[in-house]
Structures are given as structure tokens and as C-alpha cells.
Q: 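Mind having a look at this structure? Questions to follow.
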Amino acid sequence: VPYFNRGNLKSDIDDNEGAISDYSKAIEIDSNHENSYFNRALCKDKLKDNDGYLEDLNKVIELNPLNGEALCLRGSYKHDNTDDWDEAVEDLKKAIEIDPEYAQAYFNLGDLLYDYADNRDDEKEGLEEAIHCFTKAIDIDPADHYIEAAHRYRGWARNRIGDYKNAISDFSALIDLDENNAEAHNDRASAKIELKDFEGAIQDTSKALEIEQNSDSEEFSEEAYKLRGQAKKELGDIKGSAEDICTANKMNLEVWDSIIESDPEASNFKVRAGIKKDLGDLKGACEDWKKAAELGDEDAAKLLEEHCE
């Protein structure tokens with residue numbers, strides 16, 4: 001107990017190596033001391049010792065198969081770091097079975113099911129299960145630290161299954177939490193476009209761009225210009241639409257310039273060629289298709305032959 005208590009004190013001041021040493025001494029004295037394994041796992045996680053983290057969580061669960069927190073952590077670890085997603089689902093569902101009010105486990109399971117939906121035979125069913133989990137997390141503890149992420153992912157999942165009205169409710173909840181959330185304004189605009197609320201989409205994307213400009217950021221500006229251009233086109237503002245989409249493409253081009261600088265593979269040159277073509281730079285597009293073809297991309301070779309002399 002003294003080593004365990006001292007380990008806790010060291011952990012509280014972020015002396016994780018010292019805490020691990022003390023927890024290990026406690027385990028030497030009592031090899032079945034569940035809390036020492038658990039707390040040591042948390043410290044190892046902070047030190048990015050993934051193997052040690054998982055090893056200690058496994059031991060905790062071996063000692064106490066009803067430790068829902070350990071099951072939740074192990075399930076989330078497997079989701080983030082391994083291909084054992086079925087086992088991750090099993091861990092998280094077991095944690096919820098042990099504690100049906102475990103909001104964090106519901107959120108983590110929803111996160112996993114959302115990511116995994118693409119790999120299922122019925123993608124919509126997987127997304128609906130994810131939505132259910134996010135809803136449970138929000139209903140159980142609407143003030144917890146993950147609440148923004150729960151609304152964001154639930155909104156995205158609802159968008160993917162075509163439930164645009166309820167997706168808008170989620171993105172609006174995010175904006176209520178932070179009116180300067182440019183991403184949420186873009187996401188709400190996307191759903192509004194699907195519901196043919198083009199004026200509303202323009203308002204949201206314009207707000208996103210205002211937020212970005214005020215914060216000296218461009219993280220979500222490309223998407224905002226693209227969506228606003230799409231909405232303007234639907235309203236018959238062809239000139240305004242063309243200007244916005246052109247701006248989005250130019251920003252996208254800068255992104256791909258950076259990508260190619262660090263990763264000059266064929267597929268990246270082919271993508272940049274398409275952007276240049278959309279911007280009317282056929283010469284530049286041909287240069288990129290040629291480079292991609294030289295790197296072995298057969299589709300790029302066909303495009304080169306089709307569009308370039």
C-alpha cells in the first residue's frame with residue numbers, strides 16, 4: 001500500500017516514470033494488486049509505452065473481468081492501434097453490459113462503429129448503431145468532455161444516412177457550444193444544401209470564412225468556398241459560384257503542392273493534374289499526368305494521351 005500511495009502522488013505531479021517504479025514495487029509485494037496494474041497502465045499510456053499499456057490492462061481484466069473501465073480502455077486501444085476491431089467491439093459492449101450508464105463506453109463504441117461502417121455489408125445499419133451509441137452518451141451525460149465530439153460524429157453519421165434534418169440539429173448544437181466553430185458551420189451548410197436551403201448554406205459558409213479570416217486560419221476555408229460555390233450555382237449566381245470554386249481549387253492546389261513535395265508518388269501527381277485542369281491550366285495538368293505516367297500510373301498515361309499533344 002505505501003508504494004501504491006506514493007505512486008499515486010507521483011502520478012498526480014506527472015512523474016510517470018517514478019510512479020511506474022512505485023507501482024511495480026507494489027506489484028512485487030502483491031502480484032494480484034489490481035489497482036497497481038491499472039494505474040501503471042495509465043502512466044505507461046502517457047509515456048507512449050503501448051505494449052506495456054496493453055499488457056497491464058490485460059492483467060487487470062484477468063484479475064477482474066468486471067472492470068468496465070479497463071475493458072473500455074482496452075477496446076478503445078484496439079480500435080486506435082490494431083486491426084482487432086471485433087475484439088474492440090466485444091470489450092466496449094462488455095463494459096456497457098457491466099455499467100449500462102457508462103457514457104464514455106457508449107461514445108467510444110459509437111466512434112468505433114462509425115469508423116467500421118464502411119467495412120460492413122450494411123453500412124447504414126452500422127451507422128444507425130453508431131448514432132444510437134452517440135445518443136446514449138449524450139443523454140446520459142450531456143455535459144461531459146466528449147459532448148462536442150458526440151454531436152459532431154452523430155451529425156456526420158446522420159448526414160451519411162440521409163437524415164439531414166437531424167444532422168442539422170447536431171451541427172447547430174455544436175454552434176451553440178461554440179459560435180466560432182467554422183467546421184460545424186460548413187457541416188451544417190452541407191446538410192442544408194441537401195435540403196435545398198441554399199440561402200442558409202451561403203450564410204453558414206460565409207460565417208465559416210469570416211471565422212477563418214478573423215483567426216488567421218485556412219483550415220476549413222477551402223471546403224467553405226466549395227460549398228458556397230455549389231449553393232450559389234443552385235441559385236443561378238454563376239459568376240459568384242465560379243469565383244468561389246476557383247478559389248477553393250487554388251487552395252486545394254497549394255495543399256497538393258505540399259503533399260507532392262514530401263510524397264512525390266504517381267497518384268498524387270494525378271490528383272494535382274485534375275485540379276490544374278479544372279483551373280484551366282492544361283499545360284500544367286499535362287506535365288503532372290506525364291510525371292504520373294512515368295511513375296507507372298496507367299490511367300494517367302491514358303489521360304495524357306487523351307488531353308495532351
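Below, each value reflects all heavy atoms present in this structure, side chains not excepted, and no hydrogens, waters or symmetry copies. Just so you know, these numbers come straight off a predicted model, no measurement behind them.
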Q: Can you pull the side-chain hydrogen bond (donor to acceptor under 3.5 Å, both in side chains) pairs that have at least one residue in residues 88-100, sequence neighbours excluded?
A: Arg74-Asp91
Q: Hey, is the main chain of Ile259 close enough, under 3.5 Å, to the side chain of Ser262 for a donor-acceptor pair?
A: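 Indeed, once roles are kept as given, a pair shorter than 3.5 Å links the two residues.
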Q: Is the shortest side-chain N to carboxylate O distance from Glu243 to Lys232 below 4.0 Å?
A: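 Judged by the 4.0 Å cut-off on N to carboxylate O distance, Glu243 and Lys232 do not form a salt bridge.
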Q: Do Arg152 and Tyr146 meet the cation-pi criteria used here (NZ or CZ under 6.0 Å from the six-membered ring centre, within 45° of the axis)?
A: no
Q: Start with the C-alpha distance between Asp45 and Arg40, add both sets of side-chain angles, then the distance that settles salt bridge (Lys or Arg N to Asp or Glu O under 4.0 Å), and finish with yes or no.
A: CA-CA 9 Å; Asp45 183 43; Arg40 189 172 71 173; over 6 Å; no
Q: Could you tell me the separation between the OH atom of Tyr153 and the CZ atom of Phe134, rounded to the nearest 0.5 Å?
A: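 Between Tyr153 OH and Phe134 CZ, I get 7.5 Å after rounding to 0.5 Å.
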Q: Going by the rule side-chain hydrogen bond (donor to acceptor under 3.5 Å, both in side chains), which residues pair with Glu87 if we only count those two or more places apart in sequence or in a different chain?
A: Lys78
Q: List in chain and number order the residues that pass salt bridge (charged side-chain N to carboxylate O under 4.0 Å, His left out) with Glu62, two or more places apart in sequence or in another chain; answer none if no residue qualifies.
A: Lys59
Q: Is a side-chain donor-acceptor pair under 3.5 Å present for Glu265 with Ser267?
A: yes
Q: May I ask you to say whether Arg228 pairs ionically with Asp237, meaning some side-chain N is under 4.0 Å from a carboxylate O?
A: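 Here Arg228 does not pair with Asp237 in a salt bridge, since their nearest N and O are not under 4.0 Å apart.
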Q: Could you note down all residue pairs passing salt bridge (charged side-chain N to carboxylate O under 4.0 Å, His left out) where residues 134-143 supplies at least one of them, sequence neighbours left out?
A: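 For residues 134-143: none.
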Q: Rounded to the nearest 0.5 Å, what separates atom CD in Glu223 from atom CD in Glu183?
A: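 Atom-to-atom, Glu223:CD and Glu183:CD are 9.5 Å apart.
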Q: Inspect the contact between Asp244 and Lys226 and indicate whether a charged nitrogen and a carboxylate oxygen are less than 4.0 angstrom apart.
A: no
Q: Determine whether the aromatic ring centres of Tyr3 and Tyr23 lie less than 6.0 Å apart.
A: no
Q: If I take atom CG from residue Asp22 and atom CD1 from residue Ile27, how far apart are they, to the nearest 0.5 angstrom?
A: 11.0 Å
Q: Just by distance, no angles: are the side chains of Trp256 and Asn268 close enough, under 3.5 Å, to form a donor-acceptor pair?
A: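 Note: Trp256 and Asn268 side chains miss the donor-acceptor criterion.
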Q: Out of curiosity, Asp111 CG to Ser76 OG, how far, rounded to the nearest 0.5 Å?
A: 8.0 Å
Q: When you group the ILVMFWY residues by side-chain heavy-atom contacts below 4.5 Å and let the links chain together, are Ile140 and Leu112 in the same group?
A: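 As far as the 4.5 Å side-chain criterion goes, Ile140 and Leu112 are connected within one cluster.
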Q: Where do Glu210 and Lys207 land on the salt bridge (Lys or Arg N to Asp or Glu O under 4.0 Å) test, with the steps shown first?
A: CA-CA 5 Å; Glu210 177 187 328; Lys207 181 63 177 178; 3.6 Å; yes
Q: Looking at Asn39, Leu47, Asp49, Leu42, which hits side chain to side chain contact (heavy atoms under 4.5 Å, CB included) with Ile20?
A: Leu47
Q: Do the side-chain N and O atoms of His79 and Asn108 include a donor-acceptor pair separated by under 3.5 angstrom?
A: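 No donor-acceptor contact under 3.5 Å links the two side chains.
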Q: Report yes or no: does His185 contribute a side-chain atom to a donor-acceptor pair with the main-chain N or O of Glu179 at less than 3.5 Å?
A: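 Such a contact is found between His185 side chain and Glu179 backbone.
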Q: Tell me, please, which residues at least two apart from His132 pass ring pair (Phe, Tyr, Trp, His ring centres under 6.0 Å).
A: none
Q: Can you list every side-chain hydrogen bond (donor to acceptor under 3.5 Å, both in side chains) pair that touches residues 166-176, not counting sequence neighbours?
A: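 Only His151-Asp170, Arg154-Asp170, Arg158-Asp170, Asp163-Asn166, Ser172-Arg188 qualify under side-chain hydrogen bond (donor to acceptor under 3.5 Å, both in side chains).
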Q: Can a donor-acceptor pair be found, under 3.5 Å and without considering hydrogens, that links the side chain of Glu34 to the backbone of Leu63?
A: no
Q: I need the minimum non-hydrogen distance between Tyr102 and Cys72, along with the two atoms involved.
A: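 Distance-wise, the nearest heavy atoms are OH-CB, 3.6 Å.
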Q: Using the side-chain hydrogen bond (donor to acceptor under 3.5 Å, both in side chains) criterion, which residues pair with Asn180? Sequence neighbours excluded.
A: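 Asn180: no side-chain hydrogen bond (donor to acceptor under 3.5 Å, both in side chains) contacts found.
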Q: Among residues at least two apart in sequence or on other chains, which ones pass ring pair (Phe, Tyr, Trp, His ring centres under 6.0 Å) with Tyr77?
A: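 With sequence neighbours excluded, Tyr77 shows a ring pair (Phe, Tyr, Trp, His ring centres under 6.0 Å) to Tyr53, given in chain and number order.
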Q: For residues 272-283, run the donor-acceptor check on the side chains, cut-off 3.5 Å, and write out each pair with its distance to 0.1 Å, sequence neighbours left out.
A:
unit_1, atom_1, unit_2, atom_2, d
Arg272, NE, Asp288, OD2, 2.7
Arg272, NH1, Asp257, OD1, 2.9
Arg272, NH2, Asp288, OD1, 2.9
Lys276, NZ, Asp288, OD2, 3.2
Asp281, OD1, Gly284, N, 2.9

Q: Check disulfide bond (SG atoms under 2.5 Å apart) between Cys308 and all other residues, then give those that pass, not counting sequence neighbours.
A: Cys286
Q: Determine yes or no for a side-chain-to-main-chain donor-acceptor pair under 3.5 angstrom, with Ser11 supplying the side chain and Gly7 the backbone.
A: no
Q: Taking only residues two or more places apart in sequence, or in another chain, which ones meet Phe269 in a ring pair (Phe, Tyr, Trp, His ring centres under 6.0 Å)?
A: none
Q: Rounded to the nearest 0.5 Å, how far does CD of Glu234 lie from CD1 of Ile202?
A: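 Atom-to-atom, Ile202:CD1 and Glu234:CD are 10.0 Å apart.
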Q: Under the rule for side-chain hydrogen bond (donor to acceptor under 3.5 Å, both in side chains), what residues qualify as partners of Asp197, not counting sequence neighbours?
A: none
Q: Any idea which heavy atoms bring Asp297 and Lys270 closest together, and the distance?
A: OD2-NZ, 3.3 Å
